[in-house]
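Notes follow once the structure below has been shown.
Every number for a ligand or one of its atoms is a count from 1 in the order of the listing. When a residue number appears, it is its place in the shown sequence, counting from 1.
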Amino acid sequence: MELLKAAIASELAGQPGFAALGLGAEKIAENLSRPPKPEMGDLAFSCFRPAKELNRKPPELAAALATGAASRNLVQKLEPAGPYLNLRLNRAACASAVLAAVEQACAGALPKDWRYGDGQAGCGRTLVLDFSSPNIAKPLAVHHLRSTMIGYSIKCIRESQGWRVVGINHLGDWGTGFGKLIAGLKQYFPDVAGRALAGDERPLGDMTVQQLNETYARFNRESKENEALAEQGRQEFALLERHIEALMADSSHDAVADGGVNFRIWEHAREISLAEFERMYAHLGLSFHLWPVVDLEHKRVLTEEPQAFYRAHGLYVGESYYVTAEDLCRRLIADAVNSKVAEESEGALVIYTHGKDKPPLMLVKDDGATSYHARDMAAALYRKRHWQCDEMAYVVGGEQKLHFEQLFRALQALGHEWAGRCAHVDFGLMMFLQPDGKWAKASTRKGTAIMLEDLLDEAVAAVRDIIARKNPDLAASPDAERIARAVGVGAVVFNDLKNGRRNNVKFDWDAVLDFEGESGPYMQYQYVRMGSVTAKYRERYGEPVFENGDAALLTLPEEWAIVQQLAEFPGALRRAAEELEPSLVAKALVDLAAAASTWWTATKDTRIVGDDPALSLARLRLVNGIRRVLGRGLTLLGMDLVERM
Ligand code: ARG
């Protein structure tokens, strides 16, 4: 009701009783709420707090506020009841105000242009949002869906409130693991090194991410029992790091030949991974852009904002960037040492962020390599400086809670007070039902991770099947594949976003694909249904002019319930932006869809579009409001809408 509350509050502020006591619209809005029983009124103004401030008794204040009446539109009656002032609203005027607000904000034909619920709180402010952020040389597994979709949705939601949001895909493309990968590739695929040595820029040929991952896993296994292999892995990584340092250094120091080989292998592995990630993201309707462009050959970093930034949903900035370019990591480490924030411990450099008796943050490992933490600290400094951001948020699973607590504390210890405005946007696990009837973390019977692509493909195939059974005409149309994709992927996405992000997501195929429950397909279906009624109206009465629909004809309680739901949406969106919580938007849509469905049943006999043209148009106006708000909300959740299903 936020939208209505604000309008009602300003109307009340003009009433003699309120004006005489100097109660302004804002103060009034704060004390308006829905009474416990609808018989009491549509809204109630609570006098407790204002009475205290004005030094009066609440019932006395309620009576005083009800006196005199200037012209009113939204409020019909003021009735003092003890410490409350109950309001009866002019429902037709309220409905008309809400519907007009939706119509004005959603004038265009395409959902992506609909703006209902937009706010200004973030105007002129920048949020750097770290999301998705997978590791290269590993396929995307189901748990990557969560960071990707929660993150993308938060990006859209914050943008709706005026924020500039810079999406950063913090690619895990650096660390000692890549030494093992390179050692494994050299060991098991002798051609690879030969090709890299000969200057081939694609030394890995047609290798897939899956193969890279298997190579790493095999070497990792074997090196656990073989110290010589383990040492080889460390060596390969050291070569890679030294090569890059040499490339970036001012001296014309020639990079070591072996380092060049490793560099080429690493670069190609990253390229292969990015190509596969992009293919994967495309299933979700997303795309990222590699940035900044590091031109190692000319020792330059091209950091102008590329046009691509505005087209892509975010930028890939690999962890390697902070190590290889501008020497961000080394400078950070030097700073931590000089300021005595970091100290030596068993050959490593650490920061005690939580006191001496708790494990410290590892800054530099005992073999001299930079750590995940060091790269994250350098990344934060870079983001603050380069994007001049007001806030930073990291959409990363709850298992990294300690990592982020340590990160923020270490930054503060170095004097960066803004680290207090960094947030870890944590989330729960994806759980799957196992054959033994228990819920377990995303893994199959064999104990291997479930690939995201397999899961999405399965969802799309299931929807394709349902369409073939229930709607053979549609199945035969050229749109069928796009629709199956939008509904199938949307089903998985909605299932992910509908509950508070900190909860674990129980992935149960029946619930995910349920066309009746609180599911993606159901939300899509409600949207489609609103479109079909509109088409039906058009056939019978011609092109509707929604503004001409007379809200006074919307007299059913079910219709008032929908108006209230529509009025709730802007508040839900604002709170979702504040709390970085997409489920608040999903919840508002679920409630709206439920209200719409109840209305559908209630109008079974008279129909939405029936014999009375005026009533039909009034109802169609409400249909249009529902459709626009559903469309806007689902788009904010990163779902692709369909016109039929
Ligand atoms: N690559 C990491 C992983 O897969 C997630 C990175 C999250 N972002 C960050 N700035 N640490 O676990």
Side-chain angles (χ1 to χ4, degrees), residues 127-152 154-155 165-178 181 209 212-213 216-217 220 266 269-270 273-274 276-277 280-281 288 290-291 313-323 328-329 332 353 361-363 370-387 389 391-411 416 418-419 421-430 441-442 449-452 501 580:
L127 164 71
V128 170
L129 186 69
D130 185 315
F131 71 104
S132 203
S133 309
N135 297 329
I136 66 162
K138 274 192 188 164
L140 291 180
V142 280
H143 66 270
H144 290 112
L145 179 76
R146 299 222 71 199
S147 173
T148 306
M149 292 321 292
I150 294 172
Y152 177 60
I154 288 176
K155 181 171 191 292
V165 182
V166 181
I168 301 286
N169 194 325
H170 187 73
L171 273 188
D173 67 352
W174 205 249
T176 43
F178 293 99
L181 173 64
V209 170
L212 293 175
N213 188 35
Y216 166 82
N220 192 36
W266 170 80
R270 186 165 83 159
S273 308
L274 286 188
E276 183 146 331
F277 290 169
M280 207 41 254
Y281 287 130
F288 295 84
L290 188 61
W291 191 88
H313 298 95
L315 305 170
Y316 293 111
V317 189
E319 290 189 31
S320 64
Y321 175 70
Y322 308 103
V323 180
L328 286 160
C329 253
L332 161 89
T353 52
L361 167 162
M362 170 80 67
L363 194 61
T370 60
S371 68
Y372 177 46
H373 256 130
R375 295 188 293 274
D376 247 335
M377 288 175 75
L381 295 174
Y382 173 79
R383 290 169 188 181
K384 179 69 190 162
R385 192 190 67 202
H386 188 82
W387 305 104
C389 57
E391 287 184 15
M392 287 185 216
Y394 298 79
V395 187
V396 184
E399 49 313 334
Q400 292 194 29
K401 188 167 185 282
L402 180 62
H403 171 82
F404 287 102
E405 278 176 13
Q406 291 187 318
L407 173 66
F408 303 153
R409 285 204 190 186
L411 287 167
H416 304 295
W418 48 261
R421 292 187 300 284
C422 290
H424 174 203
V425 183
D426 58 336
F427 53 80
L429 301 168
M430 278 282 248
K441 214 177 133 171
I450 299 176
M451 293 304 115
L452 180 51
R501 62 177 153 78
L580 304 164

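Atom CE of Met377 and atom CG of Leu411 lie 4.5 Å apart (nearest 0.5 Å).
The closest protein non-hydrogen atom to atom 8 (N) of ligand 1 is Asp130 OD1, 3.2 Å. Nearest non-hydrogen protein atom to atom 1 (N) of ligand 1 is Asn135 OD1, 2.7 Å. Protein heavy atom at the shortest distance from atom 2 (C) of ligand 1 is Ser133 O, 3.6 Å.
Using a distance-only test at 3.5 Å, with no hydrogens or angles considered, a donor-acceptor pair links the side chain of Asn169 to the main chain of Ser133. Lys138 places no side-chain N or O within 3.5 Å of a backbone atom of Val209 that could act as its donor or acceptor partner. Here the side chain of Thr148 pairs no donor or acceptor atom with the backbone of Ser132 at under 3.5 angstrom. For the pair His403 (side chain) and His373 (backbone), a donor-acceptor distance under 3.5 Å is absent.
Scanning for ring-ring contact (aromatic ring centres under 6.0 Å, His included) contacts around Phe288 gives Phe131, Tyr281, Tyr316, with sequence neighbours left out. In this structure Arg409 satisfies the salt bridge (charged side-chain N to carboxylate O under 4.0 Å, His left out) test with no other residue, sequence neighbours excluded.
Under 4.0 Å from ligand 1, the heavy atoms of Phe404 that appear belong solely to its side chain.
For ligand 1 and Tyr394, the ligand atoms under 4.0 Å from any heavy atom of the residue are 10 (N). Every atom of ligand 1 with a heavy atom of Tyr372 under 4.0 Å away is listed here by number and element: 2 (C), 5 (C), 6 (C), 7 (C), 9 (C), 11 (N). Of all the atoms in ligand 1, the ones that sit under 4.0 Å from a non-hydrogen atom of His170 are 8 (N), 9 (C), 10 (N), 11 (N). The Val396 neighbourhood of ligand 1 comprises atoms 7 (C), 8 (N), with distances under 4.0 Å to a heavy atom of that residue.
Checked options Asn135, Ile136, Val323; the residue passing with Trp174 is Val323 (criterion: side chain to side chain contact (heavy atoms under 4.5 Å, CB included)).
Ligand 1 has Gln400 within reach: a non-hydrogen atom of the residue lies less than 4.0 Å from it.
Close N/O approach between His403 and ligand 1 is not found [any backbone or side-chain N/O within under 3.5 Å]. For ligand 1, none of its N or O atoms has an N or O atom of Arg383 under 3.5 Å away.
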